[in-house]
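Excluded from the calculations below are hydrogen atoms, water molecules and symmetry mates; all remaining heavy atoms, backbone and side chain alike, are included. In what follows, chains are A, B, ... by sequence order, proteins preceding strands, each numbered from 1.
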Amino acid sequence: MVTLNEDKNTVIRVKDLSVGYQDSVILHDISFEVPKGEVFVIMGGSGCGKTTLLKTIIGLIAPVKGKVFFGKNDFWGIGPEEQIGIMRTFGVLYQGAALWSSLTIEENVALPLQMFTNLSSQQIKEVVSLKLALVGLSGFEDFYPEQISGGMRKRAGIARAIALDPKILFLDEPTAGLDPLNARMLDDLVRQLTDVLRVTVIMVTHDLESIFAVGDEVIFLDAETKTMIASGNPKELLRNCKDSRVINFLTPRRS
Amino acid sequence: MSQAKIDLAQQEDSSFSLLISGDWLITKKLPSFEDTFLKIQSQPHLSNIALDCSRLGAWDSSLAAFLFRLSKECQRSGIRLVSSGLPEGLLKLLRLAESGMHREKVKSAARLSIIESLGNAVYLAARELKAFLDFLGELTVSFWQLLKGKAFMPKQDFWIKVQFCGLEALPLVSLISFLVGVILAFVAAMQLLLFGAQIFIADIVGIAMVRVMGAIMTAIIMSGRTGASFAAELGLMQVNEEIDALKTMGISAMQFLVLPRVLALVVMMPLLTLYSNLMGILGGYVVGILMFGLNPVEYFTRTQQAVALNNLWVGIVHSFVFGLIVAISGCFKGMRCERNAAGVGKATTQAVVFAITSIVIATAIITYLCHLLKV
């Protein structure tokens with residue numbers, strides 16, 4: 001389990017990774033490194049394979065080829081038990097929050113703590129109370145996921161993802177389906193959590209405001225060439241990148 | 001790695017401080033909050049506590065959770081917690097949590113008392129009954145519109161459902177019905193052997209299968225197979241807002257989704273029952289010929305003489321009613337499904353339970369009516 005005070009280094013290294021389903025390759029030869037403590041954004045238009053890439057990194061889909069390193073461990077080259085060990089060091093917020101509908105918000109956040117720690121039920125309650133307060137959901141402990149709004153569900157999903165103090169937080173389209181106000185609140189929350197929990201965030205999104213608000217570094221995926229066509233700080237990319245596809249994507253449009 | 005500890009200490013100037021030491025990690029053993037707070041409360045003149053983290057090792061949110069609760073409890077007891085000795089990161093974490101406390105204050109969902117739960121259950125039952133009557137009414141109107149040629153029912157969907165309810169159910173219906181025939185023949189033979197009247201196996205199996213058993217067995221198979229599938233399919237469509245999409249386009253979900261399913265099952269059920277009767281008689285025939293040495297031609301003739309056309313009509317009426325029950329319970333529960341994964345499971349279970357209970361009740365009613373009408 002992570003201690004929150006560790007040295008700076010690269011947490012994830014993706015090397016020549018090709019991802020896809022069975023025979024069809026969606027992205028090929030993707031390589032990048034994610035520095036510790038940064039918000040790393042995977043961006044690109046709809047259908048470019050952002051979520052598939054994320055699912056390959058978090059161990060849900062096996063890669064067609066290439067490697068994903070967590071520290072020194074090659075995730076797809078180690079045994080299932082070691083893989084589970086690595087999986088416990090990260091938290092994931094899924095696109096639809098994926099809260100368990102038969103459990104209350106409190107029970108959703110408490111489940112990983114019950115499974116993987118020896119804390120007493122009272123101590124678990126304390127940790128859950130802190131995590132829910134961190135995402136601004138104090139008072140909603142006894143509510144079921146269907147009883148709260150989409151934005152709250154996403155925040156509850158984040159509270160569950162950070163339940164075990166992960167080293168890395170994966171966010172799949174965190175602002176999708178939210179109104180601008182809630183989307184910006186979620187961006188602020190991601191920023192604050194990165195700051196106070198010293199967690200590295202890997203975020204998949206095509207929300208421009210999010211990219212500029214929280215992204216330290218981005219990679220841009222292209223559906224046509226099925227590869228990564230740019231990487232760097234989003235503001236610098238907008239200023240310096242010559243590729244029209246990237247510029248078109250990153251230029252805000254106002255009618 | 002040293003164990004997490006927290007001790008209350010009195011300084012020389014008689015002020016109090018909490019010494020936090022060791023490694024506070026979520027996966028390790030942590031001190032109990034209650035014990036610590038009891039010690040604090042047992043000091044009569046304590047109004048300020050300073051936090052001393054000089055011997056704190058590694059920490060994570062487990063320490064933050066402890067201090068977060070401590071800060072709330074101290075506030076409640078009028079004790080001032082001086083948090084200036086905390087590491088910068090921990091302070092930030094606590095500040096964010098405290099700001100979250102005030103962001104949204106909402107009364108938690110209230111727990112109901114027994115009386116309230118009972119009242120709620122009665123209210124929900126009445127609401128469910130009303131919804132069921134609405135459903136039946138709407139289905140009848142849709143069917144009437146279909147007869148008048150004004151309903152929009154996708155024909156292709158109807159034929160796909162016919163195939164699903166009919167052809168695809170044949171292997172299961174064959175197996176179960178054949179075995180029911182075999183069981184009936186064995187049970188009958190045990191008694192008839194005592195009188196040397198084995199030939200009446202043909203009568204018992206033939207009448208039982210054609211009059212009621214064929215229809216009941218087919219209905220039970222179909223409620224588990226097709227009724228459950230209707231409920232799950234429509235329930236998932238409810239979850240995915242597909243039914244809302246139909247409604248907002250002005251397309252009646254009843255005509256588009258429910259009608260083809262109900263009609264397909266009502267049409268196929270009597271046919272499946274006839275087939276089930278045949279398979280049941282075949283089961284009895286195999287037992288009679290192979291196990292009890294009956295003459296094949298005699299068995300066939302006996303069956304023909306015993307099974308009057310009346311029995312067949314009674315069986316068909318059963319099957320028609322059962323078809324309606326299975327299809328309506330599956331579709332009704334599917335359409336009323338709650339919009340979550342657990343809701344789909346609940347709808348499926350309820351559809352099967354509702355169908356099987358109704359089948360048994362309907363059988364009792366039809367049997368009584370047949371007795372009254374001397375059929």
Side-chain angles (χ1 to χ4, degrees), chain A residues 1-6 88 98-106 112-113 116-120 122-148 152 155 159 162-167 185 188-189 191-193 195-199, chain B residues 1 4 23-35 37 56-73 87-111 239-240 338-346:
Chain A
M1 195 50 50
V2 63
T3 55
L4 293 173
N5 24 18
E6 279 183 356
R88 277 196 210 149
L99 296 170
W100 298 300
S101 56
S102 57
L103 304 181
T104 61
I105 301 303
E106 183 178 35
L113 293 161
F116 304 118
T117 69
N118 297 319
L119 300 182
S120 68
Q122 192 54 50
Q123 285 169 330
I124 288 177
K125 252 184 175 328
E126 285 162 19
V127 176
V128 172
S129 163
L130 173 86
K131 300 290 156 90
L132 286 178
L134 285 176
V135 299
L137 281 180
S138 286
F140 289 89
E141 287 84 353
D142 294 337
F143 282 65
Y144 284 90
E146 70 198 63
Q147 295 173 312
I148 58 174
M152 287 175 175
R155 283 189 271 148
I162 59 171
L164 287 167
D165 280 14
K167 272 182 187 167
M185 266 171 73
D188 289 345
L189 181 65
R191 258 284 159 232
Q192 284 165 332
L193 289 179
D195 191 24
V196 299
L197 295 174
R198 299 178 198 180
V199 68
Chain B
M1 190 164 283
D23 296 314
W24 285 69
L25 298 175
I26 211 161
T27 45
K28 304 287 173 229
K29 197 173 170 351
L30 299 172
S32 146
F33 177 85
E34 279 73 20
D35 294 348
F37 200 64
L56 174 65
W59 60 270
D60 63 14
S61 65
S62 59
L63 177 58
F66 189 98
L67 294 176
F68 185 54
R69 188 169 170 207
L70 183 68
S71 130
K72 280 193 283 185
E73 295 292 343
E88 179 63 21
L90 192 54
L91 263 177
K92 276 188 192 170
L93 194 61
L94 286 172
R95 267 185 226 132
L96 181 61
E98 267 156 29
S99 69
M101 281 296 291
H102 305 297
R103 203 175 291 166
E104 274 159 280
K105 278 187 184 165
V106 173
K107 218 178 122 201
S108 298
R111 301 229 181 262
V239 174
N240 290 339
E338 289 168 30
R339 294 177 181 229
N340 54 55
V344 178
K346 210 161 101 183

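Contacts between B/Lys72 and chain A at a heavy-atom distance below 4.5 Å involve the side chain alone, from C-beta outward. Residue A/Lys131 touches chain B through its side chain alone, counting heavy-atom pairs closer than 4.5 Å. With a 4.5 angstrom heavy-atom cutoff, A/Ile162 does not touch chain B via any of its atoms.
Using modelled atom types, no side-chain atom of B/Glu98 and backbone atom of B/Leu96 make a donor-acceptor pair closer than 3.5 Å. The backbone N or O of A/Gln123 lies less than 3.5 Å from a partner atom in the side chain of A/Ser120, making a donor-acceptor pair.
Looking at residues two or more places apart in sequence or on another chain, you find a side-chain contact (heavy atoms from CB on, under 4.5 Å) between B/Glu34 and A/Gln122, B/Ser32, B/Arg69. The side chain to side chain donor-acceptor pair (under 3.5 Å) check on A/Glu146 picks up B/Asn340, with sequence neighbours excluded.
Rounding to the nearest 0.5 angstrom, the gap separating the CD atom in A/Glu126 from the CZ atom in B/Phe33 is 6.5 Å.
For the options A/Leu130, A/Val127, A/Leu113, A/Leu193, heavy-atom pairs under 4.5 Å to chain B are most numerous at A/Leu130. Looking only at heavy-atom pairs under 4.5 Å with chain B, the residue among A/Thr104, A/Leu119, A/Asn118 that has the most is A/Leu119.
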